[in-house]
Amino acid sequence: MAGRIVETEAYPPGDLAAHHYGGRTQRNASLFLPAHHAYVYYIYGSSFCFNLSSEDGGVGGGVLVRALEPLLGAELMCARRGSVAARDLCRGPGRLCRALGIDRRFDGIALFGEAPLWLASPDRARRSVGTSRRIGVSRASTRLLRFYERGNRFVSGPRSLSPA
DNA sequence: AAGAAGATTCGCT
DNA sequence: GCGAATCTTCTTA
């Protein structure tokens, strides 16, 4: 399976809303790995969320992947997700993990090495990227740290600038 | 050992 | 749009 990342949220060093704020614990240890390792956590008794570590080793920081545009293996994603619209397969952080079969077993793996999960070379196409507040976050809620491709139908939440 | 909060999703109105 | 479901992890006693 493959998908293009079309929506993310940043949780940089020192961010009050981040899981790494307050220091390293058993759960968030992967956020302190060097950039491009996986941090996967379970939330609300129902969903996994997939993040990339983003800083140097020992420094807490990460990026939540909130939505993918499915590129390959949509049939397998459907098999995992059940009967949902194609548009909803990977629209949302928990949904994309369900579609790809990502769970805590993936926590801590390097995303630049061999399978089972990795990042491909960057897509250098010119695209319009919008920003907004992060979704579902109560602390540091005014920071504009959500990034999404404008107009892309696979984005969860707002897909363009809100009026006023 | 117990309690509270949480980077969500789904179904119903 | 609103609220319940559901359980892991961390904090406090």
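By convention in this document, chain letters (A, B, ...) are assigned in the order of the sequence lines, proteins followed by strands, and residues within each chain are numbered from 1. Keep in mind that the numbers below use all heavy atoms, side chains included, and drop hydrogens, waters and symmetry copies.
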Nearest heavy atom decides the nucleotide; on that basis, is A/Tyr44 or A/Asn28 closer to the 5' end of DNA chain C?
A/Tyr44
Between A/Ser46 and A/Arg104, just flag the one whose closest nucleotide in DNA chain C comes earlier from the 5' side.
A/Ser46
Between C1' of B/dA7 and CG of A/Leu145, the distance in whole Å:
12 Å
Quick one: is A/Arg66 getting a side-chain N or O under 4.0 Å of the B/dT8 phosphate, OP1 or OP2?
yes
Quick one: do A/Arg81 and A/Asp88 make a salt bridge, cutoff under 4.0 Å?
no
Let's test your reading of the pairing rules: Watson-Crick or G-U wobble, both distances under 3.5 Å, then write DNA chain B as a dot-bracket string with ( ), [ ], | and dots.
||||||.|||||.
Near-parallel close stack of A/Tyr11 and B/dA7 base (under 5.5 Å, under 30°)
yes
Side chain proximity check, A/Ile109 to A/Glu114, heavy atoms < 4.5 angstrom:
no
From CD1 of A/Ile43 over to P of B/dA5, roughly how many Å is that when rounded to an integer?
13 Å
Find the distance A/Arg98:CZ to C/dT6:P and express it as a whole number of Å.
13 Å
Atom pair distance, as rounded to whole Å: CZ in A/Arg134 and P in B/dT8
11 Å
Starting at NE2 of A/His20 and ending at C1' of B/dA7, how long is that distance when rounded to a whole Å?
11 Å
Is the shortest side-chain N to carboxylate O distance from A/Arg98 to A/Asp103 below 4.0 Å?
no
Applying salt bridge (Lys or Arg N to Asp or Glu O under 4.0 Å) between A/Glu7 and each of A/Arg150, A/Arg95, A/Arg66, report the one that passes.
A/Arg66
Would you please say whether a donor-acceptor pair under 3.5 Å links the side chains of A/Arg146 and A/Ser132?
yes
If I take atom NE2 in residue A/His19 and atom P in nucleotide C/dT11, what distance separates them, rounded to the nearest angstrom?
12 Å
Do the side chains of A/Glu149 and A/Arg4 get close enough for a salt bridge, i.e. N-O under 4.0 angstrom?
yes
On DNA chain B, compare the nucleotides closest to A/Leu31 and A/Arg81; which residue's is nearer the 5' end?
A/Leu31
Length of the line joining A/Leu16:CG and B/dA7:P, which is rounded to integer Å:
12 Å
Closest to the side chain of A/Tyr42, out of B/dA7, C/dT8, C/dT9, is C/dT8
Hey, what's the ring geometry for A/Phe48 with A/Tyr42, parallel, tilted or perpendicular (30° and 60° as the breaks)?
tilted
When rounded to whole Å, the CZ to C1' distance for the pair A/Arg95 and B/dT9 reads 6 Å
